[in-house]
A.B. asks: 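I am attaching a structure below and will ask some questions about it afterwards.
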Amino acid sequence: HCTVGAKCYDIFECRTSPCPTCAVRDAMETGELARLPEHVAPTAHVDHNGFRMVNDIAATPLWSASGNIIGCIELVRDVSETYHQKRRLKHLSDEYKKVAYVLSHDLLAPLISIQGFVRKLEKKLHEHLDEKSVHYIDRINSNVLFMDRLIKSMLDTSRIVNQDLQFKHTDMMALVQHVLQQFTTDVDAQHVQISVEDLPDAHCDPVRVSQVYANLMSNALKFGRGVDPLVIRIGFSDGTYFFEDNGPGVPLDLAEEIFKPFARGSAEIEGLGMGLSIVYEIIDKHQGTIALDTNYTGGARFCFTLPRHSGN
């Protein structure tokens, strides 16, 4: 099909007359750049998957030396794959929100009910419970508490994925110091030595980034039990923020696995295995990266990036 001398609406739209919305016409009439960012083509234009093609159309006028519009340049870019991928992600996001709703209502509510009835049963039969019965009730309470924490962690992950971040110019030094204050009791009990080096400000959601440091701190204290002294160093180097400790470290074969949900390394390790997964989701939502420094052999060292300015 020869395109020389053909009309754009014939080539891209399979039409015999100009389109109702025309970037070229708008550019010629206004003298300014005109754009149709996601223009869905007619049903006659489909890709190999059977999806209608989507074009990003931009037109800019050409001016003569005397200041008159003498023509127009039109750029048509195929954005079909990106457009349909965004729609699929939107569908997945909607499905994820439905799952979160089920978790928060259909699963959490029965747990609360179980807790309430167990307490009533324990109170009513307190004087008649033998040692084995008390053990059974304790096991029920322990498992209910575990499920409660698990569901709330999954809900928290869901909120991170689906809610918009509240970006602000953030004093990272002040943010880290505020987080560390929450761990004063544990730090004193374990005789932890903490050093915080100069941290540049970031353009981020301070509430979520506080959660990043809190989860990293919690992990360092948990896995660093028995290390005396436990030394934690927080800083910034080569364009990345880092958090390191001299604890037992992470096996190299788990360097990527630890950021997945429910990753605990082994069944003997306490916790849900959601802490680093949540950290990963927060950094990823900031369009940053986080990784375990596999070259660091003195314990565990996590490096991550955050937007430094509003334009990043």
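Here the structure is a predicted model, which means the values were calculated and not measured. Values below: all heavy atoms of this structure, side chains included; hydrogens, waters and symmetry mates excluded.
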A.B. asks: Does Tyr296 share a hydrophobic cluster with Leu230, counting links as ILVMFWY side-chain heavy atoms below 4.5 Å and allowing steps through other members?
C.D. replies: no

A.B. asks: Is the backbone of Arg77 close enough, under 3.5 Å, to the side chain of Asp56 for a donor and an acceptor to pair up by distance?
C.D. replies: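 Side chain of Asp56 to backbone of Arg77, a donor-acceptor pair under 3.5 Å: no, none is there.
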
A.B. asks: Could you tell me whether the side chain of Thr305 and the main chain of Thr289 form a donor-acceptor pair under 3.5 Å?
C.D. replies: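 Checked: pair present.
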
A.B. asks: Kindly compute the distance separating CD1 (Ile140) from CG (Leu121), expressed to the nearest 0.5 Å.
C.D. replies: 8.0 Å

A.B. asks: Whether the side chain of Asn143 engages the backbone of Arg139 through a donor-acceptor N/O pair (distance < 3.5 Å, no angle test) should be reported.
C.D. replies: yes

A.B. asks: Mark yes or no for whether Asn55, through its side chain, and Val76, through its backbone, hold a donor-acceptor pair below 3.5 Å.
C.D. replies: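 Looks like no, no N/O pair under 3.5 Å.
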
A.B. asks: Please check this pair: side chain of Thr170 against backbone of His203, looking for a donor-acceptor N/O pair closer than 3.5 Å.
C.D. replies: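 Absent.
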
A.B. asks: Supply the atom-to-atom distance Ser277 OG to Glu257 CD, rounded to the nearest 0.5 angstrom.
C.D. replies: 12.0 Å

A.B. asks: Only one of Ile258, Thr240, Asn219, Asp293 clears side chain to side chain contact (heavy atoms under 4.5 Å, CB included) with Phe302; which?
C.D. replies: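 So, applying the side chain to side chain contact (heavy atoms under 4.5 Å, CB included) to Phe302 and each of Ile258, Thr240, Asn219, Asp293, only Ile258 qualifies.
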
A.B. asks: Classify the side-chain pair Ser133/Asp130 by whether it contains a donor and acceptor separated by less than 3.5 Å.
C.D. replies: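 On atom types as modelled, these side chains qualify, holding a pair under 3.5 Å.
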
A.B. asks: Rounded to the nearest 0.5 Å, how far apart are NE2 of His135 and OG of Ser142?
C.D. replies: 10.0 Å

A.B. asks: Closer than 3.5 angstrom, by distance alone: can the side chain of Ser210 be matched with the main-chain N or O of Pro206 as a donor-acceptor pair?
C.D. replies: yes

A.B. asks: If hydrophobic clusters are built from ILVMFWY residues whose side chains come within less than 4.5 Å, do Ile278 and Leu254 share one?
C.D. replies: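 Linked, Ile278 and Leu254 end up in one cluster.
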
A.B. asks: For Ala300 and Val250, work out which heavy atoms get closest and say how close.
C.D. replies: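 That closest heavy-atom pairing would be CB-CG2, 4.5 Å.
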
A.B. asks: Nearest 0.5 Å, please: how far is CZ in Arg35 from CG in Asp26?
C.D. replies: 14.0 Å

A.B. asks: Grab the two heavy atoms, one from Phe242 and one from Cys303, that are nearest each other, plus how far apart they are.
C.D. replies: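 Looking at all heavy atoms of both residues, the shortest contact is CB-SG, 4.1 Å.
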
A.B. asks: Could you tell me whether the side chain of Arg88 reaches within less than 4.5 Å of the side chain of His84, counting heavy atoms only?
C.D. replies: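 Yes; the side chains approach each other to less than 4.5 Å.
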
A.B. asks: Look only at the side chain of Asn246 and the backbone of Pro229, and say whether a donor-acceptor pair between them is shorter than 3.5 Å.
C.D. replies: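 Between the backbone of Pro229 and the side chain of Asn246 there is a qualifying donor-acceptor contact (under 3.5 Å).
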
A.B. asks: If you look only at distance, which donor and acceptor atoms sit under 3.5 Å apart when one is on a side chain in residues 174-200 and the other is two or more places apart or in another chain?
C.D. replies:
{"unit_1": "Thr184", "atom_1": "OG1", "unit_2": "Gln181", "atom_2": "O", "d": "2.8"}
{"unit_1": "Gln190", "atom_1": "NE2", "unit_2": "Leu221", "atom_2": "O", "d": "3.3"}
{"unit_1": "Glu197", "atom_1": "OE2", "unit_2": "Arg233", "atom_2": "NE", "d": "2.5"}
{"unit_1": "Glu197", "atom_1": "OE2", "unit_2": "Arg233", "atom_2": "NH2", "d": "3.1"}

A.B. asks: Is the count of non-hydrogen atoms from other residues, nucleotides or ligands lying under 6.0 Å from Arg87 atom CZ greater than 12?
C.D. replies: no

A.B. asks: What closest approach, in Å, do Ala23 and Ala34 show between heavy atoms, and which atom pair accounts for it?
C.D. replies: O-CB, 3.3 Å

A.B. asks: In terms of hydrophobic clustering (I, L, V, M, F, W, Y; side-chain heavy atoms under 4.5 Å; direct or indirect links), are Met147 and Val118 co-clustered?
C.D. replies: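 In one cluster with Met147: Val118, yes.
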
A.B. asks: Could you tell me whether the side chains of Arg208 and Gln211 share a donor-acceptor contact shorter than 3.5 Å?
C.D. replies: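 Yes, Gln211 and Arg208 have a side-chain donor paired with an acceptor closer than 3.5 Å.
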
A.B. asks: Please report the interatomic distance CZ(Phe243) to CG(Asn215), rounded to the nearest 0.5 Å.
C.D. replies: 10.5 Å

A.B. asks: Run through Leu75, Val79, Leu36 and flag the one making a side chain to side chain contact (heavy atoms under 4.5 Å, CB included) with Ile57.
C.D. replies: Leu36

A.B. asks: Evaluate the ring planes of His286 and Phe167, with Trp represented by its six-membered ring, and classify them as parallel (under 30°), tilted (30 to 60°) or perpendicular (over 60°).
C.D. replies: perpendicular

A.B. asks: Begin with the C-alpha distance, continue with both residues' side-chain angles, and end with the deciding distance and a verdict on side chain to side chain contact (heavy atoms under 4.5 Å, CB included) for Val209 and Met172.
C.D. replies: CA-CA 9 Å; Val209 175; Met172 294 294 286; 3.9 Å; yes

A.B. asks: What class does the angle between the rings of Phe304 and Tyr241 fall in, given that below 30° is parallel, 30 to 60° is tilted and above 60° is perpendicular?
C.D. replies: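 The arrangement is parallel - the two ring planes meet at less than 30°.
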
A.B. asks: Under a 4.5 Å cut-off applied to non-hydrogen side-chain atoms, are Asn141 and Glu122 in contact?
C.D. replies: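 Yes, their side chains come closer than 4.5 Å.
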
A.B. asks: Just grab all the salt bridge (Lys or Arg N to Asp or Glu O under 4.0 Å) pairs involving residues 167-180, residues at least two apart or on different chains.
C.D. replies: none

A.B. asks: Write down the atom of Leu33, the atom of Ala58, and the distance for their closest heavy-atom approach.
C.D. replies: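 What the structure gives for the nearest pair is CD1-CB, 4.3 Å.
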
A.B. asks: Can you tell me if Tyr213 has over 12 outside heavy atoms packed within less than 6.0 Å of its OH?
C.D. replies: yes

A.B. asks: I need the Leu62 CG to Met28 CE distance, nearest 0.5 Å.
C.D. replies: 8.5 Å

A.B. asks: Does one hydrophobic cluster hold both Met173 and Leu306, with members joined at side-chain heavy-atom distances below 4.5 Å?
C.D. replies: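 As far as the 4.5 Å side-chain criterion goes, Leu306 and Met173 are connected within one cluster.
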
A.B. asks: Is Ile282 reachable from Phe236 through a run of I, L, V, M, F, W or Y residues, each pair having side-chain heavy atoms under 4.5 Å apart?
C.D. replies: yes

A.B. asks: What heavy-atom pair brings Ile69 and Ala27 nearest, and what distance separates the two atoms?
C.D. replies: CD1-O, 4.3 Å

